[in-house]
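Because only heavy atoms are used, hydrogens play no part in the values below, and waters and symmetry mates are left out as well, while side chains stay in. Note that the coordinates shown come from a computational prediction; the quantities given were computed from them, not determined experimentally.
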Amino acid sequence: MKAQDMTRDWIGTAQTLSQALPYLQRYAGAIVVVKFGGNAMGDQDAMAEFARDIVLMKQVGLNPVVVHGGGPMINDMLDKLGIESSFVRGKRVTDQKTVEVVEMVLTGLVNKRIVQAIMDEGGRAVGLSGKDDDLMVAEADDPELGFVGKPSKMNVQVLHDLNAAGIIPVVAPVASGTGRAETFNVNGDTAAGAIAAALKADRLLLLTNVPGVKDENGQVMTQLSAIQVRDMIKSGAIAGGMIPKTETALKALDEGVRAVVILDGTLPNASLLELFTEHGAGSIIRND
């Protein structure tokens, strides 16, 4: 690279940092819940990049809380153990054997990989599940699906305590139930929404593998109101896997989250682009 090109790159980097100042000031002390999942969890480089972004958030004064999924890893482990699954209306039935595998994979393998990645980037992180300190108590979402739960009671004091100590919480979406020794598997987006609502988070970032919410013409909508989202669900413009994500967003907004962003987690530094640049990186949904 020529010296002139290098100087231009350095100046561009300095300008980017300078332009980020208003956003750094805006989010100082804010709680940001980030739902992490998908194929990036199995990619070492993508995991390291995500961890670096989370550490940077903490370093500049935000209080990030990571909530993760792990569906592909659960499927792999069930196959290795020879545990067959049955389905009801296209959804996996989570029996006692399956929920034990879910807990093992999410709270063990996946959770600790993310914690280690954050530590490798110079941050401090602690992994926990919804069962720790009764962070998340769930009830059966559908009795036919077995131990698939929806949050019914939240106790997020442990997350406040970790944030105050300078530690990044990494939460696996496994919840306790009201029955003795009862365990529920909770959808990662649902868990992230419930945690964000209980924390009254400034932002909930739902990282996906699509650029955001698209209109009927396939164009990404960078800003939406809750009314627009409801209308688009009703008209069918929002369909398929985007429906539960937007419904999670609406519920979180109703319960006190300031804004929810659905963004493409495969985009490099997606969370930083959304929080610290004018451009943003997805679809932001706010109350009307």
Side-chain angles (χ1 to χ4, degrees), residues 31-38 40-42 47 50-51 54 63-78 81 83 92 94-119 123-141 145-165 167-199 201 204-207 248 252:
I31 296 174
V32 177
V33 177
V34 185
K35 162 57 184 7
F36 179 55
M41 298 180 67
M47 177 79 81
F50 171 79
I54 295 296
N63 290 306
V65 176
V66 177
V67 182
H68 64 83
M73 291 77 168
I74 293 170
N75 292 337
D76 287 346
M77 185 59 69
L78 289 172
L81 296 174
I83 298 175
R92 185 197 303 273
T94 303
D95 58 15
Q96 185 62 46
K97 284 185 177 180
T98 302
V99 81
E100 288 174 0
V101 173
V102 168
E103 184 170 18
M104 175 180 69
V105 172
L106 291 182
T107 66
L109 177 67
V110 178
N111 188 271
K112 300 316 172 190
R113 279 183 180 175
I114 299 172
V115 168
Q116 185 62 58
I118 291 172
M119 300 283 284
R124 298 178 65 199
V126 166
L128 64 163
S129 77
K131 295 176 74 172
D132 293 300
D133 200 32
D134 270 347
L135 167 60
M136 182 165 53
V137 178
E139 58 187 25
D141 191 18
L145 296 178
F147 295 100
V148 174
K150 58 181 178 182
S152 59
K153 181 182 176 183
M154 305 295 296
N155 174 27
V156 292
Q157 185 58 49
V158 64
L159 302 181
H160 287 301
D161 293 343
L162 289 170
N163 275 328
I167 298 170
I168 299 166
V170 180
V171 185
V174 175
S176 55
T178 55
R180 191 174 183 84
E182 200 171 34
T183 301
F184 283 99
N185 177 26
V186 180
N187 174 273
D189 289 340
T190 301
I195 289 170
L199 289 168
L204 167 60
L205 306 183
L206 298 176
L207 303 186
T248 292

Q.
As a quick check of understanding, evaluate side chain to side chain contact (heavy atoms under 4.5 Å, CB included) for M47 and F36, giving each step before the final call.
A. CA-CA 10 Å; M47 177 79 81; F36 179 55; 3.7 Å; yes
Q: Applying side-chain contact (heavy atoms from CB on, under 4.5 Å), name anything that partners A191, two or more places apart in sequence or on another chain.
A: V67, M136, P173, V186
Q. Is the side chain of S176 donor-acceptor paired with the backbone N or O of V137 at a distance under 3.5 Å, no angle test?
A. no
Q. Out of curiosity, I83 CD1 to N75 CG, how far, rounded to the nearest 0.5 Å?
A. 12.0 Å
Q.
Whether the K131 and T183 side chains hold a donor-acceptor pair (N or O, under 3.5 Å, no angle test) is what I'd like checked.
A. yes
Q: Could you grab the distance from atom CD1 of I168 to atom CD1 of I114, nearest 0.5 Å is fine?
A: 12.0 Å
Q: List in chain and number order the residues that pass salt bridge (charged side-chain N to carboxylate O under 4.0 Å, His left out) with E182, two or more places apart in sequence or in another chain; answer none if no residue qualifies.
A: none
Q.
Quick check on side chain to side chain contact (heavy atoms under 4.5 Å, CB included): which of I74, T107, V148, L78 does V102 satisfy it with?
A. I74
Q: Please answer whether the main-chain N or O of H160 pairs with a side-chain N or O of N163 as donor and acceptor at a distance below 3.5 Å.
A: no
Q | Derivation and outcome, side chain to side chain contact (heavy atoms under 4.5 Å, CB included), residues M154 and I195 | A | CA-CA 7 Å; M154 305 295 296; I195 289 170; 3.6 Å; yes
**Q.** Separation between CE of M77 and CG of L109, rounded to the nearest 0.5 Å
**A.** 6.5 Å
Q: Could you tell me the separation between the CG atom of L145 and the OG1 atom of T98, rounded to the nearest 0.5 Å?
A: 11.5 Å
Q. For K97, does the NZ atom have more than 12 heavy-atom neighbours from other residues, nucleotides or ligands under 6.0 Å away?
A. no
Q) Does any N or O in the side chain of N155 come within less than 3.5 Å of the main-chain N or O of D133, such that one atom is a donor and the other an acceptor? A) yes
Q) Do the side chain of N111 and the main chain of V170 share a donor and acceptor less than 3.5 angstrom apart? A) yes
